[in-house]
Amino acid sequence: MTAPLLEVRNVSRFFGGVKANLDVTFDVETGMVLGLIGPNGAGKTTLFNCITGFFPPSRGEILFEGKRIDGLSPDKVCRLGMARTWQKVRPLAKLTVLDNAVVGALLRTKSVKDAREIAHAQLKVVGLATKDSTLAGTLPIGERKKLEVARVLATQPKMILLDEVMGGLNARESEDLIQLILDIKTSGLTQVVIEHDMKAIVRTCDRIVVLNSGEKLAEGTPQQIVNDPRVMTAYLGDSGGAKA
Amino acid sequence: MAVLMQSILSGILIGGVYALIGIGLTLIFGVMRVINFAQGELVMVGMYVTFFLFRGFGIDPFLSVVITMPALFILGALLQRTLINRVLDALPQNQILLTIGIGLVLANTAMLLFTSDYRILSTSYSSSSVSVGGIRLSTPLLYCFAITAAITAALYWFLVKTDVGHAIRATAQDRDAAQLMGVSVRRMGVLAFGLGAGLAGAAGASRRPGRADVLHLPASRRRLHSESLRRRRPRRDGQHHRRDARRRPDRHRRIAQRLLPRVRLEGRLRLRHLPRRPVAQTLRPSRQESHVKTALFWAVPLIALLLVPIWLTSPYPLHIFILLFIAVAMGESWNVLGGFAGQYSVGHAAFYGLGAYGAFILLQDKHVAPWYGVWVAVAIATAVALIVGSITFRLRGPYFVLASIAVAEIIRLLALNWKDLTNGAEGILASDLPALHFGNRLITDWNSKTPYYYMALAMAVFCIAVNFLVQRSKLGYYLQAIREDQDAAHSLGIPLTIYKNIGLVISAACTALAGSFSAFYIGFIEPQAVFGLDVSVQVVLICIIGGIGTVTGPMIGAVVLVLLSEALRANLIAQGLFHLGLPETSATGMFLKENLAHAHVLIYGILVIVVILFMPDGFVGFFGTRLRRRASR
Ligand SMILES: Nc1ncnc2c1ncn2[C@@H]1O[C@H](COP(=O)(O)OP(=O)(O)OP(=O)(O)O)[C@@H](O)[C@H]1O
Ligand SMILES: [Mg+2]
């Protein structure tokens with residue numbers, strides 16, 4: 001068996017006294033969809049920030065394709081083939097939808113013309129092709145989330161990290177995104193998704209890691225996690241946490 | 001030893017005054033996260049109030065603090081209520097520009113009203129001193145320190161012990177949390193700005209009314225500069241008599257009056273040629289046909305401009321065109337960094353001046369012809385840009401803006417004091433330019449405006465082309481991504497510092513080129529004229545008036561600014577007011593006629609404020625959205 005695509009080993013991240021992540025360890029195999037769940041403030045986004053280089057971990061190691069990436073800057077991590085979306089979407093507001101994706105695509109090419117083609121293809125994948133000349137800042141939230149995904153896909157990554165792409169969407173939009181994640185999975189791209197909606201997680205993920213107060217609480221197949229009593233208490237114990 | 005102690009003690013005493021200014025700044029920044037660039041000007045206002053209280057009512061400068069502080073508090077609170085409050089949520093660079101604008105208005109209003117003469121204030125104890133253990137300390141300085149200390153203590157008490165003080169500190173720590181707790185953040189802002197201004201006023205009132213006794217005006221330098229410019233003006237025009245300094249300025253005024261309408265018309269024509277969807281921050285798809293269209297669109301005005309010197313031979317309109325081209329080149333240069341990458345430099349005077357001084361000194365001392373020297377100057381400017389960029393671009397926030405201002409200021413002081421090289425404040429007068437040969441053929445001996453015209457046109461076209469190329473390339477996309485959202489850009493694989501540096505270097509190099517050219521055109525440089533803050537502000541203004549991050553924006557901004565400043569110079573505005581019925585012989589009329597011509601910087605300041613508050617996207621954005629709205633109706 002080959003080495004995992006991503007290895008997170010004993011990663012901790014502290015903000016002053018706050019332990020946002022504590023000794024988190026898990027692997028992500030090539031081609032799988034890994035779900036990362038946990039109540040609000042569990043440290044999911046912080047973990048993404050550590051993996052993608054926005055905050056170096058206070059302790060621990062992160063390996064991508066067997067090579068250490070902790071401490072690398074975000075642009076280098078992205079160049080290695082790992083791209084993330086933002087929970088609080090960050091569209092390039094005064095650029096068009098197409099140009100947003102073009103910025104992503106330019107990572108692998110110098111030619112704006114080629115980048116346009118790549119970008120356009122990815123917009124088709126997420127279903128935004130008809131909106132390509134709209135200003136990104138004027139999109140409604142559902143489409144902004146899709147744009148985040150298209151932009152990330154345009155960087156032609158080996159792995160993508162999706163941070164609550166369904167957060168704040170209605171049922172139909174969520175369904176679109178579940179389909180999108182499944183389509184991407186079929187294409188063989190590895191994904192880590194943060195999501196609060198358990199149904200969506202169970203439908204899309206091969207494996208789930210549960211975080212609580214910064215620590216890994218449980219890990220397993222969706223079946224194992226759904227039936228794990230500790231996971232239920234973690235969610236119910238935190239009254240504001242269970243959005244699902 | 002005694003000398004050392006003497007210096008240290010005096011330093012501490014004077015430091016007290018600066019502490020007041022600093023505390024005011026910190027208070028404002030802490031509570032509102034706005035860096036107040038008008039603080040120095042508020043100090044100046046404080047000095048004037050003190051001076052007039054002394055002159056008019058014989059109130060002792062130290063007593064007058066009691067009046068000066070509240071007066072400045074009110075002024076500050078008013079500024080905050082009416083202006084600063086509107087930009088609290090705007091980009092930090094816009095906030096900085098706004099306070100710079102306020103500063104320019106304050107300083108230049110004072111200059112208009114009170115002229116730039118030094119005001120001297122002497123009291124009975126002005127030159128007295130006390131002696132402590134062999135060390136002499138001037139009495140005014142001691143009083144001054146005592147007052148400063150008292151005010152600081154009072155402020156401390158206010159902030160720590162009173163409820164309002166608590167609220168202010170809470171706001172400073174966490175604006176949102178304070179708001180949730182029921183603190184009116186806006187009110188705290190007003191209070192903080194008022195206090196900050198009040199402290200500046202106190203500092204102004206107590207600032208060494210002893211020996212120096214001088215109202216040190218930032219504006220006074222500017223006035224001196226415009227004075228010296230005026231003295232030189234004749235040389236700028238009649239090119240055939242470049243050395244003849246005795247031509248009567250009236251004549252130019254007359255020429256100006258005759259010719260300006262035509263120039264204005266030209267301006268209007270260009271405005272009408274605007275693309276229908278001018279908010280070009282969206283990158284247009286580069287289809288083949290659109291290339292052809294764009295090329296045609298730009299070819300027509302370009303050919304027209306190439307033909308201009310053939311039927312326009314009088315120097316004045318050519319002069320206007322040359323100024324316009326220089327302004328376009330500078331605006332477009334700034335735009336690469338400020339417009340596309342969103343990294344506002346308010347210190348482009350540094351690169352402009354390095355270009356000017358570099359090429360000038362090389363010609364003067366080493367007899368290197370400008371067309372070679374320019375490239376050395378450009379290289380120097382590029383190196384400076386790289387140093388500044390590598391240090392400051394790592395930091396987020398307004399650091400680059402601050403650093404850019406500081407660097408320009410440092411270089412200005414260097415130019416002022418490194419007299420062997422730069423001739424200090426006296427500046428350098430260009431010797432005659434060597435004739436330009438190509439092989440054995442004489443291209444030009446620089447004896448008319450025409451060669452300058454074509455050089456300036458070429459330079460403007462070059463800078464516009466650079467913008468076009470940048471906008472349509474990977475670099476342009478990356479810079480714009482950085483402008484829109486640095487974290488998003490970073491997460492998409494863009495190395496932020498490298499790309500910002502590339503933008504800065506291109507921008508600095510083009511600016512240095514423009515600086516060299518305009519220095520040779522004017523024929524004279526001195527530190528304030530090329531490194532001064534108003535030069536930097538002017539460049540920014542060109543872009544924000546027109547529209548930042550667009551290729552057409554700086555062109556429009558340049559037209560507006562050049563025509564405006566020429567109109568001011570030729571006193572067209574006062575003339576216009578007279579036409580509208582303002583009696584020319586009334587007091588106001590006389591005053592305007594006398595002063596409006598020198599009020600550029602004041603007008604720039606007002607423009608900055610108006611543009612930042614009402615059309616942050618510039619003319620292109622302002623009229624663009626309006627046009628589109630109408631079209632879609
Ligand atoms: N930049 C930061 N500085 C200080 N504390 C931070 C920072 N970022 C996150 N934290 C803290 O780390 C903890 C984990 O936050 P994080 O955003 O990772 O949670 P999350 O699991 O993504 O929550 P949510 O489901 O609400 O998105 C929180 O207590 C948060 O306050
Ligand atoms: Mg999160």
Side-chain angles (χ1 to χ4, degrees), chain A residues 48-49 52-54 72-86 88-116 119-120 132-138 147-148 151-157 160-161 163, chain B residues 91 277-288 290-291 339-342 393-394 396 468-500 547-550 553 616-618 620-621 624-625 628-629 632:
Chain A
F48 268 21
N49 282 331
T52 52
F54 278 88
L72 291 188
S73 62
D75 55 282
K76 294 215 175 80
V77 174
C78 183
R79 179 163 289 279
L80 287 177
M82 185 154 51
R84 58 91 56 92
T85 67
W86 298 88
K88 184 179 167 291
V89 287
R90 294 176 168 277
L92 309 173
K94 284 187 179 163
L95 304 191
T96 62
V97 166
L98 180 67
D99 288 336
N100 265 262
V102 167
V103 170
L106 280 168
L107 180 65
R108 309 282 176 209
T109 171
K110 270 212 174 86
S111 146
V112 173
K113 199 161 155 269
D114 295 351
R116 269 214 176 83
H120 196 75
D132 60 1
S133 51
T134 318
L135 288 188
T138 63
L147 178 59
E148 287 273 323
R151 213 163 60 176
V152 154
L153 291 176
T155 65
Q156 300 174 288
I160 58 177
L161 311 176
D163 195 345
Chain B
L91 293 169
R277 276 190 42 209
V279 181
Q281 290 180 338
T282 56
L283 305 165
R284 260 173 260 125
S286 70
R287 281 179 223 108
Q288 216 54 30
S290 86
H291 271 323
F340 292 134
F393 279 145
R394 282 168 205 288
R396 295 281 178 91
F468 261 109
L469 291 177
V470 167
Q471 192 182 35
R472 275 135 211 266
S473 68
K474 177 170 177 172
L475 175 63
Y477 277 89
Y478 272 20
L479 293 182
Q480 297 193 65
I482 290 172
R483 177 189 71 208
E484 293 300 316
D485 190 324
Q486 301 210 24
D487 281 330
H490 215 176
S491 75
L492 292 171
I494 302 177
L496 303 181
T497 319
I498 295 179
Y499 274 90
K500 285 187 214 168
I548 274 166
T550 63
D617 286 330
V620 172
T625 37
R628 244 177 307 150
R629 219 178 287 154
S632 66

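Every chain is numbered from 1 and lettered A, B, ... according to where its sequence line falls, protein lines coming before strand lines.
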> Does Glu148(A) use its side chain to pair, donor to acceptor, with the backbone of Arg90(A) at less than 3.5 Å?
Replying inline: yes
> In terms of heavy-atom proximity below 4.5 Å to chain B, should Thr155(A) be classed as side chain, backbone, both, or neither?
Replying inline: side chain
>> Measuring only between side-chain heavy atoms, which start at C-beta, is Leu107(A) closer than 4.5 Å to Arg79(A)?
In response: yes
>> Counting C-beta onward and ignoring hydrogens, is there a side-chain heavy-atom pair between Val103(A) and Arg151(A) closer than 4.5 Å?
In response: no
>> For a quick test of reading the model, state the closest non-hydrogen atom pair linking Arg483(B) to Gly549(B) and the distance between them.
In response: NH1-CA, 4.0 Å
>> Taking side chain as everything from C-beta outward and backbone as N, CA, C, O, which of these in Ser111(A) sits under 4.5 Å from a heavy atom of chain B? Side chain, backbone, both or neither.
In response: neither
>> Is Ser491(B) in contact with chain A via its backbone, its side chain, both, or neither, using a 4.5 Å heavy-atom distance?
In response: both
